[in-house]
Amino acid sequence: MKRIATFIIVVLVATGIMAWSTPGLLDSVRLGLDLKGGFEILYEATPLEPGQSVTKQSLTRTAESLEKRANALGTSEPEVTTEGTNRIRLKLAGVTNEAEVRKKMKEPAVLTFRSADGCKVPEKNATEKDIYCKVELVGSDFVENGAAVGYDQLNRPVIDIKVKDKKKFADVTKRLVGQNLAIFLDETMLSDPRVQQELTDGKAQITGSYTLDEAKQIRDTINLGALPLKLTEKYSQSVGATLGKQSLEKTIEAGIIGSIVILVFMIGMYRLPGIIASFGLIVHTWLLILVFVWADFTLTLPGIAAFILGVGMAVDANIITNERIREEFRNGKSVMSSVKAGNKSSLRTILDSNITTIIVGAVMFAFGTGAVKGFALVLIVEILLSILTNVYFTHFLLGLLVKAGLLKKPKQFGVKESEINAL
Amino acid sequence: MHFKKEFDFVKLSKYAYIFSIALTIAGIIALAAFGLNYGVDFQAGSNVDVKLSKTLTKADIEPVLDKIGIAKDATISPGENRMGIRFTKVLTEDQDEQLKAALLKLDGKSSMEVNTVDPEMAKELGRNAIYSVLISCIGIIIYVSIRFEWRFAVAAIIALLHDAFMVVAVFSIFRLEVSLTFIVAVLTIIGYSINDTIVIFDRIRENLRFGKQKTREDLTNLLNHSVNQMLMRSLYTAFTVFIAAFFLFLFGGESIKMFSLAMVIGLIFGAYSSIFIASPLWLFFKHKQKPNRKAVKPSKA
């Protein structure tokens, strides 16, 4: 009686916890961009000037600026991560004005101060770019977020900017006294003031006939644009919100249908142990969702695929165990010893086969990127959980029933009396 | 279900070898002749997948593409409420926006997915995939050699490479698109294939302990007996995993269709190779063992 009570309590408590927590859990699963819409861009960072190299620090700073930029543009939860030595992955979801956001992210404004020092005498219809051929200062020379809107003596809006290295700026301005120092944003010249004297306080001013709004816009662009590195798009994926939602619904639908067929098969094939196995599978799925939420994993489409596939693989553990128990029956062993021997000898098989799959998963995780990594992670977590639930937990439940004497006949395991060899 | 009769798998494996070798040759020819139909992940370009609220034909789309100036690089594959457009060139930001705007004009409820990959990146992805397979194999060889013996490891590796190649061959022969998810699928198939093989090997190893197998016949019988013992489990498991992958293929999202298809094909080959390729191969290696040595090495487990 005590064992039956334990069995019932364990099952009821587990069912209760699952029923109570599942709706909340499902809501808090973080969905990938492929399931909720959004876009993902992988940038490769290169130095602004040739000859320089990309450092870890400059890469991190670029990523930080990108994140600030994304935040400033009003996207929700931008995700910016650095990858390898020179890559930055950017994930943005729930963007309404995708075109604008993407453009701003993709085309980092490069602020440069250029002079005509040592340039060829300009031809007749030369552009400003040709005239000012020498880059004196670049975006990373300016203080981040250092640009501000001010007013000149005539109360016209101007943009004040600060230089990090006062001495460098002093040297440049000293050399260029009497010449123009043009200020470029990307390839557009903002203004080309004449350098009146050596500037030692590290401050410069962009003047021009700007309206206040224009001045503010330039200020923002400069502040956001002070990226230490140049970015080029290497990979991009953009998913419409409707399409993402449809993928999610369809895949989950497929998963539910597949799971039901598997559960029906298990129960039909193995009767009572089949029901226990099915229960183990449900607990297994619930635990997996729990791990997803706790570890803050992002669920992507390949992740769901691994998820559903993992259910199929977890079934294997149950099939191996139950087939083994049946074999023991056919050899004429009693229920108790059949279950015991079946559980024990199947464990080694299950461990061996699952560990080899974990090895494959680990390699995928180590060498894969993006989708492959996510898939591998789900697979590994799933196999570990599967061993926990579909081996230990189901063995425990089955053991309780057998010891309680509720499972006495081979028929309850789906074994016909005629198949049993007499000892 | 329980078979009273035992099947002679060793005998049947001859036909399996012929079948597998024939398919391997066909695969090599197909690969040499047309290669693989690389998706955007491996061959630079842009891939556009559009969900429509009505059916649009090629004729509706072509003038639109023409106007943006991207018609000659495009391959359009229309479907019901769905359209795939594949560009051999990477769409620029502007072209992307123009296309989106034009599609919205044609169908206000359309939603699209755009994937763009740079050529360098694509090559790197492919390289990483091959490395992953090779390193997985080394890991498996080490593990299986420790837990079993080298003969099992080599037989298992040949079987899993066979499975992976069969999927690649089928995709090449039928010109199915190979994308990044295909790599995920092949790696999973390797995982499944090895899993399935190990389960059968485990039983062979167990049965080896029950006595000395002196002759070829002893070993052949042992193998047949072991596979027969595991037959039901192999079929059931292959069936349930197949069910999961099959429903994913049937109902799952468009972007994982090829993934699921690869899985379905791979699972069938995975189950088949464990029985008809890996096990007989092990027997073949075992037969080659020098007769003056002890017939059975004591198992380490």
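Just so you know, these numbers come straight off a predicted model, no measurement behind them.
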Top contributor to chain B contacts, counting heavy-atom pairs under 4.5 Å, from [options]:
{"options": "A:Q246, A:E249, A:E253", "result": "A:Q246"}
{"options": "A:V315, A:I355, A:L248, A:D352", "result": "A:D352"}
{"options": "A:I350, A:L42, A:I257", "result": "A:I257"}

Checklist line | Most chain A-contacting option - heavy-atom pairs closer than 4.5 Å, from B:I135, B:D49, B:D202, B:I198 | finding: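 Among the listed options, the one with the most contacts to chain A is B:D202.
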Notebook entry, point to check: What option among B:I140, B:T240, B:V199, B:N195 has the most heavy-atom pairs under 4.5 Å with chain A?
Noted result: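 Top count of heavy-atom pairs under 4.5 Å with chain A: B:N195.
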Check: Relative to chain A, which segment of B:L250 carries a heavy atom at a distance below 4.5 Å: side chain, backbone, both, or neither?
Finding: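 Nothing of B:L250, per the 4.5 Å heavy-atom cut-off to chain A.
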Checklist line | Under 4.5 Å from any heavy atom of chain A - which part of B:V50 | finding: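 No part of it gets close to chain A.
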Check: For atom NZ of A:K250, is the number of surrounding heavy atoms from other residues, nucleotides or ligands below 6.0 Å larger than 12?
Finding: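 It does: A:K250 NZ has more than 12 such atoms within range.
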Item checked: Contact class of A:I358 relative to chain B, heavy atoms under 4.5 angstrom ->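 The answer is neither part of A:I358.
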Next item on the list: Give, as side chain, backbone, both or neither, the part of A:N322 having an atom under 4.5 angstrom from any heavy atom of chain B.
Entry: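 Answer is neither: A:N322 stays 4.5 Å or more from chain B.
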Check: With the threshold set at 4.0 Å, does a side-chain nitrogen-carboxylate oxygen contact exist between A:E327 and B:R203?
Finding: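 Answer for the salt bridge query: yes.
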Notebook entry, point to check: Which of parallel (below 30°), tilted (30 to 60°) and perpendicular (above 60°) describes B:Y236 and A:F265?
Noted result: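 The rings of B:Y236 and A:F265 stand perpendicular, inter-plane angle above 60°.
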Note to self: Over 60° means perpendicular and under 30° means parallel, so tell me whether B:F249 and B:F246 are parallel, tilted or perpendicular.
What the structure shows: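 Plane angle between 30° and 60°, so tilted.
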Item checked: Closest heavy-atom pair and its distance - B:V167, B:G266 ->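 Distance-wise, the nearest heavy atoms are CG2-CA, 3.6 Å.
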Check: Does A:T298 use its side chain to pair, donor to acceptor, with the backbone of A:G32 at less than 3.5 Å?
Finding: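 Not confirmed, A:T298 side chain does not pair with A:G32 backbone.
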Item checked: Flag, side chain of B:D196 to backbone of B:Y192, donor-acceptor distance under 3.5 Å ->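 Side chain of B:D196 to backbone of B:Y192, a donor-acceptor pair under 3.5 Å: no, none is there.
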